[in-house]
Amino acid sequence: MNFDLNDFRLILNIAETQNLTRAAEKTFISTPAASNRIKNLEQQLGLKILERSSQGVRLTEIGQIYLKYAKSFQHEIECLKGELSQFNNLIQGKLTIAANTTAITEYIPNALSEYLITHPHVDVNLKEMTSEEIIHVVADRQVDLGIISGDIDTDHLQTLPLISSQLVLITPKMHPLLEIENITLIDIIEYSVVTLNEGSAIQQFLYKLALQLDKKINIRVQVSSYDSICQMVAAGAGISIIPLAAFQRLQHIHPQLTCTKINEKWAQRSFKICSINFNQISQFSKDFIQCLQAHIH
């Protein structure tokens, strides 16, 4: 039988969306055309690839095998494009990166800005996830690179050190917590807290820490950015835990705020870049890593 790259792309998009219509849109074909492609593929294989239900579609066991090789083909194609782009910079490429909240807001923007200028024909898909989620999507080849922090098991992946950072407590000056010599999470959750929106990587991280203590964080306000957090804390809405890098970036806007070290191991974080194998990533990925390291160091 003959294998069609468009079939591979369709299977990849079905696996991602769990919806035939959305998968067809991402593959730039109509829904009937997508349905016919799957039907023809199943007839050629003599095997069922998709299971349909009222909740959508999902890949069968056979479909999962097909998906595994579709990911490999996609990866090899991007590697080929990356190598060819060294001789012709008009070749279109794609780079998918998963990173946690802090990496996206504090470390990636400047590097990504330069990368997009120097690589005008590469489209970048940047996904915000928790570090735990990132290692799974990297291992599953759903993304090209991951940027994680914290004490995460990465034995099945390769990693490169990026930067050391820390989470700090921000409060208005003269706040009662500042009288405590060694502040811990137990001290912090006695007060109203301002956090990022539900589902953000750092919000989920803090929520899990509180659960380990069998406590609940008293979240009074949820906002969309560290900038907004500082505004809310300055306005007296509560206190917050944010990366030191974010506070240093915003401190001049909010001189009435101060930051304090949190005396807990989890507040000290090392950021790492992770991949299945750095020797097998595309040139697009290698160039981004080099750009990111140059901006941080």
Side-chain angles (χ1 to χ4, degrees), residues 3 5 8-9 11-13 15-16 26 64-104 106-150 152-165 201 269-297:
F3 293 97
L5 287 177
F8 286 129
R9 293 190 186 98
I11 293 297
L12 287 164
N13 290 330
E16 180 181 347
K26 288 175 68 67
Q64 291 292 339
I65 294 173
Y66 202 92
L67 174 65
K68 179 177 69 172
Y69 287 96
K71 290 177 180 177
S72 295
F73 279 121
Q74 182 189 47
H75 174 72
E76 292 300 325
I77 289 171
E78 289 305 315
C79 286
L80 172 60
K81 288 180 180 179
E83 287 202 39
L84 295 178
S85 70
Q86 299 175 80
F87 305 97
N88 180 354
N89 60 11
L90 297 181
I91 291 176
Q92 295 283 344
K94 185 172 65 174
L95 176 62
T96 304
I97 305 165
N100 63 17
T101 307
T102 304
I104 286 177
E106 307 306 321
Y107 302 127
I108 290 179
N110 290 336
L112 182 58
S113 176
E114 179 182 318
Y115 182 83
L116 293 175
I117 292 172
T118 56
H119 296 73
H121 298 285
V122 179
D123 294 328
V124 178
N125 183 5
L126 182 58
K127 302 181 178 184
E128 181 183 347
M129 298 181 178
T130 65
S131 293
E132 289 86 353
E133 292 169 334
I134 291 169
I135 60 172
H136 292 300
V137 296
V138 171
D140 197 38
R141 289 192 182 276
Q142 295 180 41
V143 300
D144 300 301
L145 298 172
I147 302 176
I148 62 173
S149 64
I152 307 294
D153 180 10
T154 57
D155 287 347
H156 56 301
L157 299 176
Q158 293 183 359
T159 63
L160 293 172
L162 187 60
I163 192 171
S164 294
S165 178
R269 305 195 297 170
S270 295
F271 284 80
K272 294 177 283 190
I273 306 170
C274 60
S275 168
I276 293 180
N277 189 328
F278 287 111
N279 291 325
Q280 297 177 3
I281 59 177
S282 70
Q283 188 63 44
F284 302 132
S285 297
K286 293 176 182 177
D287 290 349
F288 179 79
I289 291 173
Q290 186 176 25
C291 189
L292 183 61
Q293 290 173 327
H295 272 268
I296 287 179
H297 295 299

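Heavy-atom basis, side chains included; hydrogens, waters and symmetry copies ignored.
Between Glu106 and the options Thr102, Ile104, Ile108, Asn110, a side chain to side chain contact (heavy atoms under 4.5 Å, CB included) holds for only Thr102. Considering Gln158, Arg141, His156 in turn, Arg141 is the only one that fulfils the side chain to side chain contact (heavy atoms under 4.5 Å, CB included) rule with Ile276.
Open room surrounds CD on Gln290; 12 or fewer heavy atoms of other groups in view lie less than 6.0 Å from it.
Taking all atoms of both residues into account, the shortest heavy-atom contact from Cys291 to Ala111 is SG-O, 3.3 Å. Heavy-atom minimum distance, Asn100 versus Arg269: ND2-NH1, 4.3 Å. Annotation for Ile273 and Phe278: closest pair O-CZ, 3.6 Å, computed over non-hydrogen atoms. Between Phe284 and Gly93 the shortest heavy-atom distance is CE1-CA, 3.5 Å. The nearest pair of heavy atoms linking Pro109 to Ala103 is CD-O, 4.2 Å.
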(request) Show your reasoning for whether side-chain contact (heavy atoms from CB on, under 4.5 Å) applies to Leu12 and Leu67. (result) CA-CA 6 Å; Leu12 287 164; Leu67 174 65; 3.7 Å; yes

(request) Given side-chain contact (heavy atoms from CB on, under 4.5 Å), test Phe288 with Asp144 step by step and report yes or no. (result) CA-CA 11 Å; Phe288 179 79; Asp144 300 301; over 6 Å; no

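With sequence neighbours left out, Ala98 forms a side-chain contact (heavy atoms from CB on, under 4.5 Å) with Met129, Ile134, Val137, Val143.
Residue Asp153 holds its CG atom at 6.5 Å from CD1 of Ile135, rounded to the nearest 0.5 Å. Atom CG of Leu95 and atom CD of Gln283 lie 11.5 Å apart (nearest 0.5 Å). Within the model, atoms CD1 of Ile97 and OG of Ser285 stand 7.5 Å from one another, a figure rounded to the nearest 0.5 Å. In this structure, CG on Leu162 lies 8.0 Å from OH on Tyr107, to the nearest 0.5 angstrom.
In this structure the side chain of Lys272 never reaches within 4.5 angstrom of the side chain of Ile152, judged on heavy atoms.
Using a 30° and 60° split on the angle between ring planes, Phe8 and Phe73 fall in the tilted class, from 30° to 60°.
No donor-acceptor distance shorter than 3.5 angstrom exists from the side chain of Thr154 to the backbone of Leu157, with no hydrogens or angles considered. Put simply, the side chain of Ser131 gets close to the backbone of Ser149: a donor and an acceptor are under 3.5 Å apart. Proximity of a side-chain donor or acceptor of Asn125 to a complementary backbone N or O of Lys127 within less than 3.5 Å is not detected.
With hydrogens and angles left out, the side-chain atoms of Thr96 and Gln142 include no donor and acceptor closer than 3.5 Å.
Within the structure, side-chain hydrogen bond (donor to acceptor under 3.5 Å, both in side chains) pairs that include any residue of residues 68-81 comprise Lys71-Asp140 (at least two apart or interchain).
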Check: residues 116-124 side-chain donor-acceptor pairs under 3.5 Å, at least two apart:
{"unit_1": "Thr118", "atom_1": "OG1", "unit_2": "Glu114", "atom_2": "O", "d": "3.1"}
{"unit_1": "Thr118", "atom_1": "OG1", "unit_2": "Tyr115", "atom_2": "O", "d": "3.1"}
{"unit_1": "His119", "atom_1": "ND1", "unit_2": "Tyr115", "atom_2": "O", "d": "3.2"}
{"unit_1": "His119", "atom_1": "NE2", "unit_2": "Asp287", "atom_2": "OD2", "d": "2.9"}

